[in-house]
Amino acid sequence: MAVTGDETESAATGDIPAYQLRSPNSGLAQSIVMAASPGSMQNPSSQHAEEITRKREVRLMKNREAARECRRKKKEYVKCLENRVAVLENQNKTLIEELKALKDIYCHKAE
DNA sequence: TAGCGAGCTCGTCATCTAGA
DNA sequence: TCTAGATGACGAGCTCGCTA
C-alpha cells in the first residue's frame with residue numbers, strides 16, 4: 001500500500017503526529033504538569049484522585065510505547081521471513097537447475 | 001465530484017507471562 | 001502473589017483508488 005506509518009502520523013498537519021491530534025490528553029508531560037499545578041493545595045481525597053489519574057496516564061503512555069515497539073518488532077519479523085522465503089526460493093531454483101544438469105550428464109553417459 | 005470499500009496505523013483494553 | 005512488559009483484539013480515523 002502507499003500509506004506508510006510515518007506518512008499517516010504526519011498526514012494531518014504535516015509535522016504533528018496524527019495520534020497526538022486525536023488524543024490530546026494522553027501526554028505524560030501534560031499530566032505531570034497538571035499534578036504539580038496549584039491544585040496540589042487540594043484536600044487529600046482529590047489528591048488521591050489526581051494520583052490515580054496520574055498513574056493511569058503513565059500506564060497508558062507506557063502501553064502506547066510498548067504497542068509501538070511490539071508492532072515494529074512484528075514488522076521486522078515479517079520482513080525477515082519474507083527475505084528467508086526469497087533466499088529459499090532462489091536456492092530451490094538453483095538446485096533444480098543443478099539436478100537438471102546432472103540428469104543431462106547421466107543420460108548422455110547412459111547412451 | 002461525492003460516496004464507498006479496502007487497507008493501513010494508532011491507541012486502548014484485556015489477557016498472558018516471566019521475574020521479584 | 002504482585003507487577004511490569006508483551007501481545008492479540010477491537011474500534012476509530014485516515015488515505016487511496018474506483019465507480020456512478
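Residue numbers begin at 1 in each chain, while the letters A, B, ... track the order of the sequences.
Residue-level contact check: Arg56(A) touches the backbone only, with heavy atoms under 4.0 Å from sugar-phosphate atoms and none from bases.
Atom CZ of Arg59(A) is separated from atom P of dG11(B) by 16 Å (rounded to the nearest Å). Distance NZ (Lys55(A)) to C1' (dT12(B)): 20 Å, rounded to an integer number of Å.
Two end axes, each from the C1' atoms of five base pairs, can be drawn for the helix from dT1(B)-dA20(C) to dA20(B)-dT1(C); they diverge by 0°, to 10 degrees.
Here Glu57(A) contributes atom CD and Leu60(A) contributes atom CG; the two are 7.5 Å apart, rounded to the nearest 0.5 Å. For the atom pair Arg68(A) CZ and Asn63(A) CG, the distance stands at 11.0 Å (nearest 0.5 Å). Distance CD/Glu97(A) to CG/Asn92(A): 10.5 Å, rounded to 0.5 Å. Between atom CD of residue Glu89(A) and atom OG1 of residue Thr94(A) there is a gap of 11.5 Å, rounded to the nearest 0.5 Å.
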Given Arg54(A) and Glu51(A), is the salt bridge (charged side-chain N to carboxylate O under 4.0 Å, His left out) satisfied, shown in steps?
CA-CA 5 Å; Arg54(A) 192 189 64 81; Glu51(A) 177 67 7; 3.3 Å; yes
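The only option from Met61(A), Arg56(A), Lys62(A) that meets the side chain to side chain contact (heavy atoms under 4.5 Å, CB included) definition with Val58(A) turns out to be Lys62(A).
By the 4.0 Å N-to-carboxylate-O rule, Glu69(A) lies too far from Lys73(A) to be salt-bridged with it.
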Pairwise N/O distances under 3.5 Å, protein to nucleotides 2-9 of chain C:
{"from": "dT7(C)", "atom 1": "O4", "to": "Asn63(A)", "atom 2": "ND2", "distance (Å)": "2.9"}
{"from": "dA9(C)", "atom 1": "N6", "to": "Arg71(A)", "atom 2": "NH2", "distance (Å)": "3.4"}

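Residues that satisfy the side-chain hydrogen bond (donor to acceptor under 3.5 Å, both in side chains) test with Arg59(A), not counting sequence neighbours, are absent from this structure.
The side chain of Arg68(A) places an N or O atom within less than 4.0 Å of a non-bridging phosphate oxygen (OP1 or OP2) of dG11(B).
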